[in-house]
Amino acid sequence: MMITLLRVVGLVHLIIVGANFVLPGILDFDKNLEKVSPMLRQIFLVHHAYIIAVVSFFAFLCFFFTSDLAGGSRLGTALCSFMAAFWLARLPIQFFYYDDEVKKKHRIEHYAFSFALTAVASVLTAAAIRGFL
Amino acid sequence: MTWSIRELLSLGLWLAGIGHFCILGASFQVPHRLEWKSDLAKLKPFNRKLMWTYGGFTVLTIAAFGALTLALHTEMLRGDRAALGIAAFIGVYWAARIMVDAFYFDHEDWPKGPAFVIGHVLLTALFVALAGVYLGLVAWQAGGWGR
């Protein structure tokens with residue numbers, strides 16, 4: 001069961017990665033970033049690329065190291081804890097930090113992403129807790 | 001006294017783990033020193049919040065790299081498959097960061113002064129060391145020398 005769930009989580013990670021390629025267009029990064037200094041613009045885009053890389057790595061772990069993640073070993077538990085912490089920290093940002101106006105404007109995307117976040121955080125937290133028990 | 005490659009990599013991993021937390025010390029100074037507050041005020045609120053979120057998650061990722069390296073020191077040195085996967089990712093992460101600094105950042109509007117030059121050199125040296133330790137470990141294990 002946990003193996004299947006972790007593979008689904010891997011797939012959700014890939015969808016999040018895909019969404020991050022569409023995001024700059026939706027949020028009009030180019031036009032917006034023209035207003036700031038080149039230094040900040042470059043740092044912003046590098047951070048964006050690095051977040052994509054990290055989430056892609058999470059997908060890679062879920063697909064190719066599924067048994068390690070589900071097995072409850074020290075290593076698997078440490079990795080699940082890291083990924084769970086990453087997504088658990090992202091949840092309150094989605095719900096309480098980002099502007100309601102933007103979430104209303106992109107209602108479907110907001111609900112879809114919130115559901116995906118909750119599901120991914122829950123599975124990874126469960127996998128991490130299983131490892132600690 | 002001669003050190004074996006295993007002993008050097010073992011020490012390198014301990015230092016790399018600690019090194020990540022040193023990077024965080026520099027990271028926390030970036031928003032203030034580069035005057036992000038006034039620059040970010042020009043962005044739409046959502047993009048501004050996105051930037052802070054990216055920054056926060058980059059900090060979280062670097063802290064996790066440090067913690068994972070210290071916690072999984074034995075597994076990495078032993079060459080466990082998943083541990084090497086993490087080491088490879090961390091190595092590529094920092095190698096890419098060096099490339100970004102060399103070929104993408106244009107540095108023209110970066111703050112001037114000796115403190116920034118020294119800080120930049122030290123940070124780049126640390127990135128090189130980190131990439132070297134992790135990718136060196138992966139190469140050592142992949143080449144079968146670790147067994």
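Here is the naming used below: chain letters follow the sequence lines, and residue numbers restart at 1 for every chain. This is a predicted model, so every value here is computed, not measured.
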Discussion item. Among Thr125(A), Thr118(A), Val120(A), exactly one meets side chain to side chain contact (heavy atoms under 4.5 Å, CB included) together with Leu88(A). Which residue is that?
Written reply: Thr125(A)
Discussion item. Need one label for Leu69(A): side chain, backbone, both or neither, based on atoms under 4.5 Å from any heavy atom in chain B.
Written reply: neither
Item to complete: Check each atom of Leu75(A) against the heavy atoms of chain B and say whether the ones under 4.5 Å are side chain, backbone, both or neither.
Response: both
Discussion item. Given heavy-atom pairs under 4.5 angstrom as the criterion, report whether the side chain, backbone, both or neither of Ala83(B) touches chain A.
Written reply: both
Discussion item. Please classify the contact of Leu27(A) with chain B as side chain, backbone, both or neither, using a heavy-atom distance under 4.5 Å.
Written reply: both
Discussion item. Whether the His73(B) and Ser10(B) side chains hold a donor-acceptor pair (N or O, under 3.5 Å, no angle test) is what I'd like checked.
Written reply: yes
Worksheet item: Centre of Tyr97(A)'s six-membered ring, under 6.0 Å away, within 45 degrees of the axis: is that where NZ or CZ of Lys49(B) sits?
Response: yes
Discussion item. Less than 4.5 Å to any heavy atom of chain B: does that hold for the side chain of Ile43(A), its backbone, both, or neither?
Written reply: both
Fill in: Distance flag, aromatic centroids of Phe65(A) and Phe60(A), threshold under 6.0 Å
yes
Worksheet item: Heavy-atom distance under 4.5 Å to chain B: side chain of Val54(A), backbone, both or neither?
Response: both
Discussion item. Classify the ring geometry of Phe57(A) against Phe89(B): parallel below 30°, tilted from 30° to 60°, perpendicular beyond 60°.
Written reply: parallel
Discussion item. Let's test your reading of the structure: which of Leu43(B), Asp80(B), Thr58(B), Val30(B) forms the most heavy-atom pairs below 4.5 Å with chain A?
Written reply: Leu43(B)
Discussion item. If I measure from the heavy atoms of chain A, does Leu34(B) come under 4.5 Å with its side chain, its backbone, both, or neither?
Written reply: both
Discussion item. Among Ala64(B), Ala82(B), Ala67(B), which residue has the highest count of heavy-atom pairs closer than 4.5 Å to chain A?
Written reply: Ala82(B)
Fill in: Linked, directly or transitively: Leu122(B) and Leu130(B) (ILVMFWY side chains, under 4.5 Å)
no
Discussion item. If we define contacts as heavy-atom pairs under 4.5 Å, which of Leu50(B), Val100(B), Val92(B), Thr74(B) has the most with chain A?
Written reply: Leu50(B)
Worksheet item: Mind checking whether Phe95(A) and His110(A) have parallel, tilted or perpendicular rings, split at 30° and 60°?
Response: perpendicular
Response to the item:
Under 4.5 Å to a heavy atom of chain A? For Ala41(B) that would be neither
Worksheet item: Checking Phe64(A) against chain B: side chain, backbone, both or neither under 4.5 Å from a heavy atom?
Response: backbone
Practice prompt. Run the ring-centre check on Tyr93(B) versus Tyr134(B) and record whether the distance is less than 6.0 Å.
Written response: no
Fill in: Part of Phe82(A) lying under 4.5 Å from any heavy atom of chain B
side chain
Worksheet entry | Side chain / backbone / both / neither for Asp68(A) at chain B, heavy atoms under 4.5 Å | side chain
Discussion item. Before you tell me yes or no, could you show the steps for Val36(A) and Phe44(A) under side-chain contact (heavy atoms from CB on, under 4.5 Å), namely the whole-Å CA-CA distance, both residues' side-chain angles and the distance that decides it to 0.1 Å?
Written reply: CA-CA 10 Å; Val36(A) 297; Phe44(A) 186 102; over 6 Å; no
